[in-house]
Amino acid sequence: MSLINFGLAFRLARNADPAAMREILARSAADIGATDLVVYLVDFGQTVLKAVPDRSAHADAPGSEALATTMAGRAFLDQKIVTADRDDSVRVWIPIVEGSDHTGVIALSLPHIDERLLATCEELGMLAGYLIAAQSRCTDIYNLYRRRRRMSLAASLQWDLLPPLDLNAPGISVTCLLEPAYDIGGDCFDYAINGSFLDFAIIDSVGRGLAAARIGSLAISSYRHDRREGLSLTAMHNNLDALLASEYQDCSFATGLLARIEVDSGAFTWTNAGHPLPLLIRQGSVVGELRCAPTPPWGIAPRAPAMATEQLEPGDLLLMYTDGIIESRAPMGD
């Protein structure tokens, strides 16, 4: 049985200010004698943990914590509880888990620590993730505290469109990263796991800024709509192609991959619209690129796509990327 009354926590959250996550956590953590609770949210670039202010006490929040050099950062990166003995207490850093996504860290002090308290602290991290997931569409607070600097309109449009960066489900995991986090434009992705199938798409729109973001948003919306309608990969590919061709007469286009993995069998099926080929990594080594007969980028010359299939093995890693990776340059031009 948990040491925290989570039923009370959910009842408090039901009619609370959507931004009151820290106050609800502090009230719940008081059941185990916790004090000095601080909630840190990771920024969109995943480099810094930024403290959410204690609004109830009208006190200034602690500063930011760098991921690479702090105990809070260690808890976030390892996704494990970290502790440190103090003179009269134990400081505890707890990863916040929002579904499978990693959102931040809770720091608190306890009079002592044992296995049962550690398990309760882990539950407190899950409660924080639930509160963020449930309320983040009703307040801008959580979004604003994840920003280190001003975000471009194109980047804001893209972030609002994207699913979580991480998914861990039975038999399969998905991890995503976007850079530069505050100025992305046309690079985007989407995925969903339904039953034993994982569907996903990666899309790279031509151009930069808001124009590219608009193309990416339209493409993702088309893909997401058709996926939810239960259409085949071929139909989703054709509809996306026809949509961009009809909406843009200025040769605007997007490259991308549409794919489906049958999780139980490992069957990987995909179409390619002029996009860089995915890499297959097996037992820690790059086997090579997976091949698919070329189809023009979406929006240029609509035509039926070729379908490629591959049999994946347990432990295989698929790496998909946009040309921002292969066309990037070091300061010296390399």
Side-chain angles (χ1 to χ4, degrees), residues 137 151-165 174 176 178-181 183-194 197-261 268-278 289-309 318 320-327:
R137 296 188 67 181
M151 183 177 286
S152 71
L153 176 58
S156 181
L157 182 65
Q158 293 297 80
W159 277 111
D160 288 343
L161 186 72
L162 298 175
L165 296 181
V174 179
C176 312
L178 286 167
E179 285 290 344
D183 199 29
I184 55 172
D187 294 35
C188 48
F189 64 89
D190 194 36
Y191 66 81
I193 188 160
N194 296 304
F197 293 94
L198 172 72
D199 283 281
F200 59 92
I202 182 169
I203 293 169
D204 183 6
S205 307
V206 65
R208 297 181 181 277
L210 193 56
R214 288 195 190 104
I215 298 172
S217 297
L218 190 61
I220 287 292
S221 297
S222 173
Y223 165 72
R224 188 174 287 166
H225 170 270
D226 287 357
R227 184 189 70 216
R228 290 170 176 170
E229 291 293 314
L231 301 187
S232 67
L233 287 178
T234 299
M236 288 189 279
H237 187 113
N238 288 338
N239 289 347
L240 201 164
D241 204 1
L243 177 64
L244 293 188
S246 65
E247 291 294 320
Y248 295 95
Q249 285 76 48
D250 58 357
C251 295
S252 292
F253 64 88
T255 70
L257 307 174
L258 303 185
R260 176 171 292 159
I261 295 177
F268 170 49
T269 308
W270 57 294
T271 68
N272 185 346
H275 200 75
L277 298 173
E289 292 180 332
L290 299 182
R291 296 288 170 177
C292 181
T295 304
W298 293 303
I300 290 182
R303 76 180 193 195
M307 190 77 68
T309 59
L318 285 177
M320 282 150 285
Y321 54 91
T322 66
D323 60 14
I325 297 293
I326 54 178
E327 294 180 1

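Quantities reported herein were computed from a predicted structural model and do not represent experimental measurements. All residue numbers in this chain count up from 1 along the given sequence.
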Nearest non-hydrogen partners of A245 and P302, listed with the distance: CB-CG, 3.7 Å

V174 and I193: CA distance, side-chain angles, deciding distance, side chain to side chain contact (heavy atoms under 4.5 Å, CB included) verdict: CA-CA 10 Å; V174 179; I193 188 160; over 6 Å; no

Residues D199 and R227 bridged, charged N to O under 4.0 Å: no

Closest approach of L243 to S246 (non-hydrogen atoms, all atoms of both residues): O-OG, 2.9 Å

Give the table of side-chain donor-acceptor pairs shorter than 3.5 Å for residues 153-163, with sequence neighbours excluded, one pair per line with atom names and distance.
{"from": "Q158", "atom 1": "OE1", "to": "S217", "atom 2": "OG", "distance (Å)": "3.4"}
{"from": "Q158", "atom 1": "NE2", "to": "G185", "atom 2": "O", "distance (Å)": "2.9"}
{"from": "Q158", "atom 1": "NE2", "to": "D187", "atom 2": "O", "distance (Å)": "3.4"}
{"from": "W159", "atom 1": "NE1", "to": "A181", "atom 2": "O", "distance (Å)": "2.8"}

Heavy-atom closest pair, residues T322 and P276: C-CG, 4.4 Å

Value rounded to 0.5 Å, distance of OG in S232 from CG in N239: 9.0 Å

Criterion side chain to side chain contact (heavy atoms under 4.5 Å, CB included) on Y321 and D204, from CA distance to verdict: CA-CA 9 Å; Y321 54 91; D204 183 6; over 6 Å; no

Heavy-atom pair of closest approach, residues L231 and R260: O-NH2, 3.7 Å

Heavy-atom pair with the smallest gap, counting every atom of G274 and T255: O-CG2, 3.4 Å

Spatial distance of atom CD1 (I202) from atom CD1 (I220) [nearest 0.5 Å]: 9.5 Å

Pairwise distance CG(L318) to CG(L290) - rounded to 0.5 angstrom: 6.0 Å

Partner of H237 under ring-ring contact (aromatic ring centres under 6.0 Å, His included), chosen from W270, W298, Y223: W298

Reported CG-to-CG distance for the pair L258 and L233, which is rounded to 0.5 angstrom: 6.5 Å

Pair V206-Y248, side chain to side chain contact (heavy atoms under 4.5 Å, CB included): steps then yes or no: CA-CA 12 Å; V206 65; Y248 295 95; over 6 Å; no

Option passing side chain to side chain contact (heavy atoms under 4.5 Å, CB included) with C292 (candidates T309, T269, L257, N272): N272

Side chains of M320 and F189 in contact at under 4.5 Å (non-hydrogen atoms): no

Over all atoms of both residues, closest heavy-atom pair of A219 and I203: CB-CD1, 3.7 Å

Residues D226, S222; criterion side chain to side chain contact (heavy atoms under 4.5 Å, CB included); working and verdict: CA-CA 6 Å; D226 287 357; S222 173; 4.2 Å; yes

Check: P164 main-chain N/O paired with Y191 side-chain donor or acceptor under 3.5 Å: yes

